[in-house]
Amino acid sequence: MNMSISLIEQLDKSRYNLIRWLTIGWTTWFGAFTVKDWIDNKLTLGLLILIGLVGWILFVVSLVNFLRLSGKVNADTRLKEALNNEMHQLYAYKSFLWGFATVITVICILLTISLFYNMPALMVCKIVLFFGISSPLIAGLIYNKG
């Protein structure tokens, strides 16, 4: 029994670490991708693209590892029941709620700004996408930390 509890704790910690690196990778990559349109300096733009590339690599590697961990957990019924318990499901729903509320809030803010300033549709989409994905990832980190 101790062995399986140790494995469950280890997989839970791995899941948290993967979400953390996934969040860092996403915010770095897509944040740089979103901000690059406002940069005029070529040196700064090059540095930003390099930072974004590092973030993209972090994001992709973390995503692949997260999917691999999910496959391992879903393959074993005991691990699936232990790791995807009611608390984990509650945290997932709360994280989704934060993401949904953030998307609605960001859209309302951008809609209000658009009354005074014309914004390109691509910029609006990038901003909504950035906050819409970052917020549930960050909320998931906060909820799963405890």
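- The cluster map of Ile, Leu, Val, Met, Phe, Trp and Tyr, joined by side-chain heavy atoms under 4.5 Å apart, puts Leu110 and Met123 in the same cluster.
- Within the 4.5 Å cutoff, the side chain of Ile127 has heavy atoms near those of the Val106 side chain.
- Rounding to the nearest 0.5 Å places CG of Leu137 at 8.5 Å from OG1 of Thr27.
- Note that OH of Tyr16 is 8.0 Å distant from CG of Asn144, once rounded to the nearest 0.5 Å.
- Between Thr44 atom OG1 and Trp38 atom CH2 the span is 15.5 Å, to the nearest 0.5 Å.
- With sequence neighbours left out, Phe59 forms a ring pair (Phe, Tyr, Trp, His ring centres under 6.0 Å) with Trp26, Trp29.
- Within the model, atoms CG of Asn65 and OG of Ser70 stand 10.5 Å from one another, a figure rounded to the nearest 0.5 Å.
- For the pair Ser95 (side chain) and Gly140 (backbone), a donor-acceptor distance under 3.5 Å is present.
- The two atoms that bring Leu63 and Leu22 nearest to each other are N-CD1, 3.6 Å, heavy atoms only.
- One hydrophobic cluster, built from ILVMFWY side chains closer than 4.5 Å, cannot hold both Val61 and Leu50; they sit in different ones.
- Taking the salt bridge (Lys or Arg N to Asp or Glu O under 4.0 Å) definition, one finds that Arg15 meets it with Asp12, sequence neighbours left out.
- Scored by the side chain to side chain contact (heavy atoms under 4.5 Å, CB included) test, Val103 finds Ile107, Val128 as partners (sequence neighbours excluded).
- Judged as a side chain to side chain donor-acceptor pair (under 3.5 Å), the pairs with a partner in residues 96-106 (not counting sequence neighbours) are, in order, Trp98-Tyr143, Thr102-Ser135.
- Under a 4.5 Å side-chain heavy-atom cut-off, the cluster of Ile, Leu, Val, Met, Phe, Trp and Tyr residues that includes Trp21 is completed by Ile24, Leu58.
- Grouped by direct or indirect side-chain proximity (heavy atoms under 4.5 Å, Ile/Leu/Val/Met/Phe/Trp/Tyr only), Leu47 sits with Ile51.
- In this view, Tyr117 and Ile113, Met119 satisfy the side chain to side chain contact (heavy atoms under 4.5 Å, CB included) rule, not counting sequence neighbours.
- Applying the side chain to side chain contact (heavy atoms under 4.5 Å, CB included) rule to Asp37 yields the partners Lys126; only residues at least two apart in sequence or on another chain are considered.
- Grouping Ile, Leu, Val, Met, Phe, Trp and Tyr by side-chain contacts under 4.5 Å, direct or through others, leaves Leu122 on its own.
- Sparse packing is recorded around CD of Glu86, with 12 or fewer heavy atoms of other residues, nucleotides or ligands lying under 6.0 Å away.
- When hydrophobic clusters are built by joining Ile, Leu, Val, Met, Phe, Trp and Tyr residues whose side-chain heavy atoms come closer than 4.5 Å, directly or via intermediates, Ile104 is not grouped with Ile138.
- Residues passing the side-chain hydrogen bond (donor to acceptor under 3.5 Å, both in side chains) test with Asn17, sequence neighbours excluded: Arg20.
- You'll find the ring centres of Tyr93 and Phe96 outside the 6.0 Å limit.
- Of the possible donor and acceptor atoms, none in the side chain of Ser134 sits under 3.5 Å from a partner among the backbone N and O of Phe131.
- Leu43 forms part of no hydrophobic cluster, judged by ILVMFWY side-chain heavy-atom separations under 4.5 Å.
- Applying the side chain to side chain contact (heavy atoms under 4.5 Å, CB included) rule to Leu48 yields the partners Ala32, Val35, Lys36, Ile39; only residues at least two apart in sequence or on another chain are considered.
- Put simply, Phe30 and Leu53 are part of the same group of oily side chains (I, L, V, M, F, W, Y) that touch within less than 4.5 Å, one to the next.
- Cluster annotation: Val124 and Leu111 are assigned to distinct hydrophobic clusters (Ile/Leu/Val/Met/Phe/Trp/Tyr, side-chain heavy-atom contacts under 4.5 Å, transitive).
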